[in-house]
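Single-structure report; data block below.
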Amino acid sequence: MSSVSPRPASAFVVGEALIDVVVDGDRRDEHPGGSPMNVAYGLARLGVPTVFRSVLGRDARGDAIARHLAESAATLDPASLTDSPTSTAVATIQADRHAEYTFDIAWNPGPLTASQDATLIHAGSIASALEPGSDDVRRLFDSQRTGTALLSFDPNVRPGVTPSRPAVVAAVEALAASAHVVKLSDEDAAWLFPSLSADAVLDWFLSRGAALAAMTRGGDGALVASGADRLSLPSLPVEVVDTIGAGDSFMSGLLWAILDRGLAPKLRAGVIVRSDLEAVAAVALQSARVTVSRAGANPPTPAELAAP
């Protein structure tokens with residue numbers, strides 16, 4: 001009797017990439033950013049072969065994003081390049097080191113086709129809610145619903161870009177119907193579902209098909225839930241430099257841990273045990289801890305993720 005080895009892990013990430021213009025007092029710096037791009041970068045830095053599909057201009061800022069992705073060995077899908085200017089986000093660092101954003105972005109990628117060998121497909125943020133491209137993302141997830149890839153979704157809402165709550169909730173619900181893994185922040189939850197408790201928000205996603213739902217809560221740690229178990233975990237001790245990319249680093253760490261432990265089949269089947277939740281959440285929290293300890297969206301290497 002012959003056996004078939006599981007496919008090596010690989011990822012296809014779709015969503016916005018932009019230049020973060022970081023304003024910290026009198027200092028102004030530019031860095032590649034965008035939530036899905038940060039997740040792609042984080043996965044690739046952790047050793048997951050990753051293809052990233054976005055919308056980039058053939059300009060200096062687009063070139064900077066392409067070089068940044070190459071540093072982590074992520075592959076930029078050539079279909080990402082357009083003649084439109086590369087999008088920007090101004091991130092203003094507040095007194096508590098929290099970043100507040102204003103955006104100049106357009107999202108119109110056209111038809112999306114995932115890499116045939118992808119074992120993980122991730123999308124979210126502005127790309128999941130901003131028309132017309134949000135429809136392309138939804139169609140991608142719909143097309144993969146009965147496939148073999150693990151589907152991951154992070155709403156990461158940006159009310160300044162997509163201010164209509166009913167429209168964003170509808171877009172979130174459409175993707176949540178296909179996703180196996182959903183992660184959002186407590187700020188996302190408060191804006192999307194102002195009348196629901198944190199536990200009720202996780203229940204909402206689980207009831208729509210997610211096998212794992214996680215909510216980050218800044219300095220208060222994270223909630224992680226499956227249909228059978230629920231954990232409330234504290235954040236790890238750290239001196240915070242800024243919070244840029246913290247949620248994205250949590251996401252990439254969580255997904256890497258799922259792939260590294262071979263848990264994707266369990267999640268696609270809707271079966272994950274408490275010890276699995278504890279293990280992947282611990283990695284995700286460590287990933288976020290590393291990122292907030294230094295400036296910008298700078299996720300960990302494997303060695304940093306393993307460090308105490």
Side-chain angles (χ1 to χ4, degrees), residues 9-13 15 35-48 50 72 74 118-125 128 149-156 175-176 179-186 188-189 198 201-202 205-206 210-218 220-227 229-236 238 243 245-268 270-292 297-302 304-306:
S10 62
F12 181 81
V13 178
S35 175
M37 194 281 292
N38 290 338
V39 173
Y41 186 98
L43 285 168
R45 179 174 271 191
L46 290 171
V48 179
T50 302
S72 72
T119 55
L120 165 70
I121 298 172
H122 173 78
S125 196
S128 66
L150 187 73
L151 301 181
S152 166
F153 173 48
D154 177 1
N156 197 15
L175 290 184
H180 305 100
V181 177
V182 175
K183 170 259 162 191
L184 75 166
S185 70
D186 52 358
D188 295 334
V201 171
L202 295 180
F205 283 105
L206 293 169
L212 188 159
M215 183 184 297
T216 56
R217 301 190 294 171
D220 292 327
L223 300 174
V224 185
S226 67
D229 292 288
R230 187 158 306 196
L231 306 174
S232 177
L233 301 170
S235 61
L236 302 176
V238 64
T243 62
D248 304 326
S249 188
F250 182 99
M251 183 88 257
S252 59
L254 180 72
L255 294 174
W256 177 81
I258 289 168
L259 297 175
D260 185 60
R261 287 162 173 75
L263 298 177
K266 284 187 175 182
L267 285 164
R268 288 198 304 270
V271 179
I272 185 168
V273 299
R274 186 179 184 88
S275 60
D276 293 332
L277 282 179
E278 292 171 340
V280 299
V283 173
L285 286 166
Q286 170 66 359
S287 186
R289 174 181 176 272
V290 171
T291 298
V292 301
N298 189 356
T301 63
E304 290 171 327
L305 204 52

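Residues take their numbers from the sequence shown, with the count starting at 1.
Using a cutoff of 4.0 Å between basic side-chain nitrogens and carboxylate oxygens, K183 and D154 are scored as salt-bridged.
Evaluation of the salt bridge (charged side-chain N to carboxylate O under 4.0 Å, His left out) test over residues 247-262, restricted to residues two or more places apart or in two chains, returns none.
The heavy-atom pair separating L184 from V201 by the smallest distance is CD1-CG1, 4.1 Å. Contact record, L285 with P234: CD1-O, 3.7 Å, taken as the closest heavy-atom pair. Closest heavy-atom contact between P302 and R45: CD-O, 3.5 Å. Nearest heavy atom pair, residue V182 against residue P155, reads CG1-CD, 4.4 Å. Here the closest non-hydrogen pair linking P299 and G42 is CG-CA, 3.8 Å. The shortest heavy-atom contact between L223 and A198 is CD1-CB, 3.7 Å.
In this structure, Q286 contributes its side chain and E304 its backbone to a donor-acceptor pair below 3.5 Å. Proximity of a side-chain donor or acceptor of S252 to a complementary backbone N or O of S249 within less than 3.5 Å is detected. Proximity of a side-chain donor or acceptor of S226 to a complementary backbone N or O of L212 within less than 3.5 Å is not detected.
In this structure, L263 CG and I258 CD1 are separated by 7.0 Å, a value rounded to the nearest 0.5 Å. Taken to the nearest 0.5 Å, the CG atom of L151 stands 9.5 Å off from the CG atom of L175. Atom CG of N38 sits about 11.0 Å away from atom CG of L43, to the nearest 0.5 Å. In this structure, CG in L231 is found 5.5 Å from CD in E278, a value given to the nearest 0.5 Å. For the atom pair CG (L46) and OH (Y41), the distance works out to 10.5 Å, reported to the nearest 0.5 Å.
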Q: Report the C-alpha distance between S185 and D188 in whole Å, list the side-chain angles of each, state the deciding distance to 0.1 Å, and finish with yes or no for side chain to side chain donor-acceptor pair (under 3.5 Å).
A: CA-CA 5 Å; S185 70; D188 295 334; 3.1 Å; yes
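When side chains are defined from C-beta on, V181 counts as touching M251, because their heavy atoms get closer than 4.5 Å. Residues D220 and D186 fail the side-chain proximity criterion, which asks for heavy atoms closer than 4.5 Å.
For D276, the salt bridge (charged side-chain N to carboxylate O under 4.0 Å, His left out) partners are K266, not counting sequence neighbours.
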